[in-house]
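I have placed the structure first, in the form of structure tokens, so that the comments after it can refer back to it.
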Amino acid sequence: MIGEMLTQRRESAKLALSIIITAIMGTIYPLSIGLAINAILIQKSILLLTIYASLFFGVYLIQFFSNRVRTISSTYLSQYTIKSLRDKAFKNLQKVPVSFYSKVKTGYLISRISNDGESLSEFLTFQVPQVLSGITTVIISASIMLYLSPKLALYSFIVIPILVGFTFAVQPRVKRNYLRTRKTIAAITGNLSENINAIRAIKSFNVEERVQDNFDKLNTANYSANMKASRLASTFGSAVRIIEAVGIAIVLIEGGIMTLGGIITVGIMVSFVFYVQEFFDPVVQLSQTYTSYQSAMAGLVRIYGIIDSEKDHDPEDSIPLKDFNQKIEIRDVTFSYGGANALESVTFSVNKGEKIGIVGHTGAGKTTISNLIMKFYHPSKGEILIDGRNLDSVSTASYRRLIAPVLQDPFMFRGTVIQNILFADPNATRDQIVKAIEDFGLHALFERMPDGIDSEIGEMGRNLSEGQRQAISLLRAFILDPEILILDEPTSQIDPASEKIIMDALEKFLNDKTLILITHRFSLIRLLDHVIVLDHGKLVEEGNVDELMTRNGKFAQLYRYQKSDNDLL
């Protein structure tokens, strides 16, 4: 983190210089007060008194401007650093494997980047400059104290080992408490995110009170953690102030004895009392800042936990793909998400221009195959090849430019319909999108919207019908004009009228495209040249529709089940 701040050399230099000037000015004014007292009591000189009073005012004036520079520079550096860390964390979130998101809750990630970032921002803006200024002040104050009276200085240093020992004794408890506060606020953020997204389900099942009780428990845990941390910080600060008072009392007693003995002047003794406070104030600040440091460190560790997460990267000698010429081969592929195998020794191929379907019951492994073909995951065993090259040796970015997915539940962003379509290709023009809508007969799905394709979409697209959501997803794929189209249950949740519109659009688009269709809806079967049948992760049948119906196996069974369901309707 320090290295991140030092990349801004000019502001870092200004901050360092302002800290040094502030610290030096802060250690001059006690001496000017002592000398002014001596000018009154010993020299009895108005001129000297005026000079020392002017020095005192000048010191405060310089300190005011140096403090202003320090505040501006520290704010700039801290905000730049937080921005940089958040950018790095978010950038890495785009590069981690999809499996990363199955292990970490969304709310926790939001809390790490947002809440922990704010905790760190406050520490960097206000606490770090105080720490650096305090260290500088301690060094200069101690040096002046030793110069004025080595003996009295040593007496004032007696309490330092007590302060250091107390700080290190309390440190583990402080660290545990602040780490707990970061975890509890992350739990609250995660719960909020989950419940806001699930509000329809919560209301539908009439479980508002149970959800509220659960949130109240998390909120109470956060309250308790913060109160415990606050009490510990308060106790720590009070104890440090008591140690400071003991140090000043020792100096007053010993300084008074030395003054009465004529060893030092009254002015020097008064200066010395101020120096002890000047010496202890930074020490107290450092002690109190230690609690903030623990809180910031807990947040920093969590942010770097995201930044340092292993990226899903290509090998250095990965091969870029310009086009798709021959076929995709799945050879003896076995895959597991961590438990039982989701796929087991699956082998088949998809030729260029071929339309294949992957069917089977829920949990048969259909979506897992699309995840592997999209390179979201890598086979536990076996290999996937495109044009004879192992997929792991191919540049992921260039490979995915050849593919467009249309998912069962496409994600909708806040904004307009057209902005959501442009998500796939921001370089596409409005005319291209309007033409695609007309060419593929999708206009009927948007014409009832208040502003057509300029209509605003609510969060998660909740104000859209399933047909409209799927049409937007199709248009995202169409404007990319991919060589390979992957459809994962594209019509499973839409009404028959919308399904017919979608089907007609697909037939027009798929003329010379390669299609991998994952479905349990046999209404899409007419699009296919070849069908793969999966059952519990194993390939049990394959062939064209007529062949599979003749065999009277698993495919025929699935077909009859669905036909009987449709007949009931």
Side-chain angles (χ1 to χ4, degrees), residues 1-16 18-19 69-135 171 174-193 222 225-226 229 233 285-286 288-313 413:
M1 185 188 69
I2 292 170
E4 195 76 46
M5 295 177 77
L6 291 177
T7 58
Q8 301 297 298
R9 294 181 181 178
R10 182 179 175 183
E11 290 299 328
S12 297
K14 283 168 65 177
L15 179 61
S18 64
I19 285 172
V69 173
R70 187 185 75 173
T71 301
I72 294 171
S73 295
S74 65
T75 302
Y76 174 86
L77 282 172
S78 64
Q79 292 306 314
Y80 169 82
T81 303
I82 297 303
K83 177 187 178 299
S84 179
L85 291 178
R86 281 176 171 160
D87 283 344
K88 286 182 177 180
F90 187 78
K91 183 179 179 181
N92 205 45
L93 285 177
Q94 311 306 304
K95 296 188 176 182
V96 295
V98 172
S99 57
F100 173 86
Y101 292 94
S102 63
K103 300 171 188 173
V104 185
K105 290 182 179 180
T106 304
Y108 279 83
L109 293 175
I110 294 170
S111 180
R112 287 186 184 188
I113 294 176
S114 179
N115 297 336
D116 292 340
E118 281 305 309
S119 171
L120 188 58
S121 174
E122 184 177 345
F123 175 71
L124 291 177
T125 303
F126 303 108
Q127 307 297 340
V128 168
Q130 283 188 351
V131 169
L132 296 175
S133 181
I135 292 171
Q171 179 264 341
V174 174
K175 185 175 183 179
R176 282 196 303 271
N177 274 276
Y178 275 99
L179 186 58
R180 187 174 165 224
T181 64
R182 302 322 306 160
K183 288 181 177 179
T184 54
I185 192 62
I188 286 176
T189 306
N191 184 265
L192 276 171
S193 174
N222 176 253
N226 277 287
Q285 284 177 356
L286 288 169
Q288 292 174 339
T289 298
Y290 189 75
T291 58
S292 300
Y293 164 77
Q294 291 296 347
S295 176
M297 275 301 296
L300 187 63
V301 167
R302 287 155 60 85
I303 292 173
Y304 270 105
I306 296 175
I307 294 172
D308 295 336
S309 295
E310 187 177 352
K311 299 176 181 65
D312 192 6
H313 55 80
F413 297 90

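Numbering of residues begins at 1 and proceeds along the displayed sequence.
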Fill in the blank from the handout: Hits for side chain to side chain donor-acceptor pair (under 3.5 Å) against Lys311, two or more places apart or cross-chain, chain-then-number order -> Asn92
Exercise for the section: Looking only at non-hydrogen atoms, find the nearest pair between Ala229 and Thr181 and report the distance. Expected result: CB-CG2, 4.1 Å
Problem - Closest approach of Leu6 to Ser12 (non-hydrogen atoms, all atoms of both residues) - result: CA-OG, 3.7 Å
Practice task
Under the salt bridge (Lys or Arg N to Asp or Glu O under 4.0 Å) rule, collect the residues that match up with Arg302, sequence neighbours excluded.
Solution key: Asp116
Exercise for the section: With the side chain counted from C-beta on, respond yes when Ile113 and Leu109 share a heavy-atom pair under 4.5 Å apart, and no when they do not. Expected result: no
Exercise for the section: Give the minimum heavy-atom separation between Ser78 and Leu124, together with the two atoms involved. Expected result: CB-CB, 3.4 Å
Problem - Residues in ring pair (Phe, Tyr, Trp, His ring centres under 6.0 Å) contact with Tyr80, at least two apart in sequence or another chain - result: none
Exercise for the section: Using the side-chain hydrogen bond (donor to acceptor under 3.5 Å, both in side chains) rule, pick out the option among Lys14, Arg10, Glu11 that qualifies with Ser73. Expected result: Glu11
Problem - Results of side chain to side chain contact (heavy atoms under 4.5 Å, CB included) for Thr75 - residues two or more places apart only - result: Thr71, Gln79, Thr125
Problem - By side chain to side chain donor-acceptor pair (under 3.5 Å) - contacts of Asp308 (at least two apart) - result: none
Problem - Candidate pair Thr81 and Leu85, rule side-chain contact (heavy atoms from CB on, under 4.5 Å), full reasoning - result: CA-CA 6 Å; Thr81 303; Leu85 291 178; 4.2 Å; yes
Problem - With sequence neighbours excluded, residues passing side chain to side chain contact (heavy atoms under 4.5 Å, CB included) with Asp87 - result: Lys83
Exercise for the section: For residues Val96 and Glu310, determine if any side-chain heavy atom of one lies less than 4.5 Å from a side-chain heavy atom of the other. Expected result: no
Handout entry: Over 12 non-hydrogen atoms of neighbours within 6.0 angstrom of CZ in Phe90
Key = no
Exercise for the section: Nearest 0.5 Å please: distance from the CZ atom of Phe100 over to the CG atom of Leu93. Expected result: 6.0 Å
Handout entry: With sequence neighbours excluded, residues passing side chain to side chain contact (heavy atoms under 4.5 Å, CB included) with Ile72
Key = Arg68
Handout entry: Least distance between heavy atoms, Leu77 atom then Gln8 atom
Key = CD2-CB, 3.6 Å
Completion exercise
For Arg180, the salt bridge (Lys or Arg N to Asp or Glu O under 4.0 Å) test, sequence neighbours excluded, returns none
Exercise for the section: Using the test side chain to side chain donor-acceptor pair (under 3.5 Å), find all partners of Asn222 that sit at least two apart in sequence or belong to another chain. Expected result: Thr184, Asn226
Handout entry: Non-neighbouring partners of Lys88 that pass side chain to side chain contact (heavy atoms under 4.5 Å, CB included), sequence neighbours left out
Key = Glu4, Ser84, Ile307
